[in-house]
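Before I ask anything, here is the structure I am working with.
Just so we're on the same page: letters track the sequence lines, and every chain starts at 1.
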2 protein chains.
Amino acid sequence: MKVTIIGLGLIGGSIAKDLRKANFATELIGVDTNLQHVEKALELGIVDRSANFLEGVKEADIVVLAIPVDKIITQLPLILDTINPATSVTDVGSTKKLICSTVENHPRRGNYVPAHPMSGTENSGPEAAVEGLFQEKICIVCDQEKSRPQHIALIEKMYHSIGMDIAYMSSDEQDHTTAHVSHLPHITAFALANAVMDTNDRNIIFDLASGGFRSTARLAKSSPEMWGPIFKQNQDYVVESLAIYIKHLEEFKESLLNKDESKMYKLMKNANRMRDILNGENSNLVRKKSTTTKMYTK
Amino acid sequence: MKVTIIGLGLIGGSIAKDLRKANFATELIGVDTNLQHVEKALELGIVDRSANFLEGVKEADIVVLAIPVDKIITQLPLILDTINPATSVTDVGSTKKLICSTVENHPRRGNYVPAHPMSGTENSGPEAAVEGLFQEKICIVCDQEKSRPQHIALIEKMYHSIGMDIAYMSSDEQDHTTAHVSHLPHITAFALANAVMDTNDRNIIFDLASGGFRSTARLAKSSPEMWGPIFKQNQDYVVESLAIYIKHLEEFKESLLNKDESKMYKLMKNANRMRDILNGENSNLVRKKSTTTKMYTK
């Protein structure tokens, strides 16, 4: 089976590495407008060969679109125009609603399986691609009723092969949930970095940055070219989640200003519940099997 | 040399482990009002023996106070009242100004070396103690002109032995800087956890929490009993840093609402500078030697 990866950055490169390891693809074809990325991906053996957009798309059994979400909007319709009628197409964008609406009436909408494999690091480019990035993580598949079942099955099989579990959501639910769980934490890290750099000289920050600061500010290193379009496409939900977050910060600040210790303790104790959640005592997903799927309904 | 550790939690326990590994102490004596912690620390071999407060303090060459900062305020004067006149005393509190002012006029103020070894994890208790926690991290020593030079020398030698570099600051500067670099990131994590739990059911959070969310919310697991008194003692600077942070979040939110992309990119690009800082390209501290000291002056 031929898999064409469009976009040979952190996510595209990591998917390629894992698909190779899983023996899922007989041939991995790389497409990228950044020729240095193409060269690097070939040098690192991430893909077997490179192709231009037209060739790469026409030859593939599966096309994986791993480019920034604003670029997905412009490229996805062209890909659906170009593919062999049997080809399955998926993307890895962190937003789904606008992307799905862009191809809503495309005659080949059924070939497209909107997906969001939830994993990443703060690094970018083919050199940042790592094996095992998706192991035991969740891949959200959206609006599954709009994709033909054969395409859903093959794309799920692909994500399963790299260790992912599948969760079904509407594209609206995915954008709402992801705003809180992923987009908001990135903005909090950007703002934390800016706030700390406002008030301290960089030598002091570096010297004093202990593990806590490092992990909290890590995402501030993330690529603006990738995240800008995500925040823009998901503006309403991102603004909503930012407003809720700021409300919680103000509440904490008020508890300090009012010397309301019991309130402050209550806020911290409530946050401590995250310990159980992140330690995984509350999930009903069996994560070790890469064959679980889960339906989120409201 | 006998070292008495008062408080056998994450920090006290980790210091004891490293002091043993460094052969710095001939005997490690543990004091804790929590008898389960004492039992656990003995069982894990963190200390050689336990003692009550009076014995532990009287016998020691060095007393290390590793208890919450509100408890330091009440215990430090008693320790200075009790010690052998040759004993050196240090603490590990994250705040320094109020603690220092509490013993400002104590006849044995010179025996006390106010310190803040900047390291930690989100876990607590003797089971959380780990080796190497302080390696290549900074220990802030405050108001050094108020401690007798022999006591400064011995306490620095102790922190050097567990791999730390020393930075001198006034207790006011330490509280100001630490508010931004450590206290603020903890509050941002508490608030992020609360905001996300406000808006999502816990199964969704767990299933979807990718690496980015996990690292950003990790500190939300931190102990309220330890952090409450820190925020309270450093209220003015913590409120200041929260206000600056909220201002940056509002700025980001405005750039989204106003669809001001160039502004949003500017904010992200500025935050990206944290990459260089955290990758350590800007420090003039030679971190590999545990014998460097650095003077921060304004």
Residue list, ring pair (Phe, Tyr, Trp, His ring centres under 6.0 Å) with A:His116, at least two apart or on another chain: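 Expected list: none.
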
Heavy-atom proximity to chain B below 4.5 Å, by part of A:Asn123: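 Contact with chain B: backbone and side chain both.
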
Check: B:Phe190 and A:Asn270 side chains under 4.5 Å, non-hydrogen atoms: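 No, every pair of side-chain atoms sits at 4.5 Å or beyond.
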
Largest heavy-atom contact set with chain A, pairs under 4.5 Å, which of B:Leu257, B:Leu133, B:Leu184, B:Thr121: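 It is B:Leu257.
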
Aromatic plane relationship, B:Phe252 with A:Phe231 - under 30° parallel, 30 to 60° tilted, over 60° perpendicular: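 Because their plane-to-plane angle is over 60°, the rings of A:Phe231 and B:Phe252 count as perpendicular.
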
With sequence neighbours excluded, residues passing side chain to side chain contact (heavy atoms under 4.5 Å, CB included) with B:Lys232: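 For B:Lys232 the side chain to side chain contact (heavy atoms under 4.5 Å, CB included) partners, ignoring immediate neighbours, are A:Glu261.
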
Which of A:Ile244, A:Leu192, A:Val238 touches chain B most, by non-hydrogen pairs under 4.5 Å: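 If we count pairs closer than 4.5 Å to chain B, A:Leu192 comes out on top.
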
Largest heavy-atom contact set with chain B, pairs under 4.5 Å, which of A:Lys259, A:Glu240, A:His186: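 Result: the option with the highest number of such pairs is A:Lys259.
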
Contact origin within B:Pro117 toward chain A - heavy atom pairs under 4.5 Å: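 Answer is neither: B:Pro117 stays 4.5 Å or more from chain A.
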
Per-residue contact mode, A:Ile140 against chain B (heavy atom under 4.5 angstrom):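 Answer is side chain: those atoms of A:Ile140 sit under 4.5 Å from chain B.
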
A:His180 to B:Val196 - nearest heavy-atom pair and separation: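 For A:His180 and B:Val196, the tightest heavy-atom pair comes out as O-CG2, 3.5 Å.
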
Crowding at NZ, B:Lys253 (>12 non-hydrogen neighbours, <6.0 Å):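 It does: B:Lys253 NZ has more than 12 such atoms within range.
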
Nearest non-hydrogen partners of A:Met197 and B:Ala271, listed with the distance: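 Taking A:Met197 first and B:Ala271 second, the nearest heavy atoms are CE-CA, 3.9 Å.
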
Engaged part of B:Ser222 at the chain A interface, taking heavy atoms whose separation is under 4.5 Å: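 Answer is backbone: N, CA, C or O of B:Ser222 sit under 4.5 Å from chain A.
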
Nearest heavy atoms of A:Ala195 and B:His248, plus distance in Å: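 Scanning both residues, the minimum pair turns out to be CA-CD2, 3.6 Å.
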
Nearest-0.5 Å distance, CG of residue A:Leu242 to CD of residue B:Glu254: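 These two atoms lie 10.5 Å from each other.
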
Neighbour count above 12 (heavy atom, 6.0 Å) for B:Lys17 NZ: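 Yes - once you tally the heavy atoms of other residues, nucleotides and ligands closer than 6.0 Å, there are more than 12.
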
Distance-minimising heavy-atom pair for B:Thr188 and A:Leu249: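 Heavy atoms only, the tightest pair is CA-CD2, 4.3 Å.
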
Chain B contacts, top residue of A:Ala189, A:Ala217, A:Gly228, A:Pro224 (heavy-atom pairs, under 4.5 Å):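 Ranked by contacts with chain B, first place is A:Pro224.
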
Spacing of B:Asn272 atom CG and A:Glu122 atom CD [to the nearest 0.5 Å]: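 The CG atom of B:Asn272 sits 11.0 Å away from the CD atom of A:Glu122.
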
Short side-chain to backbone donor-acceptor contact, A:Asn194 and B:Leu267, under 3.5 Å: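 Yes, the answer is positive, given that a donor and an acceptor are paired below the 3.5 Å cut-off.
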
Best-contacting candidate, A:Lys247, A:Glu225, A:Glu251, against chain B by heavy atom pairs under 4.5 angstrom: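 Most pairs with chain B among the choices: A:Glu225.
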
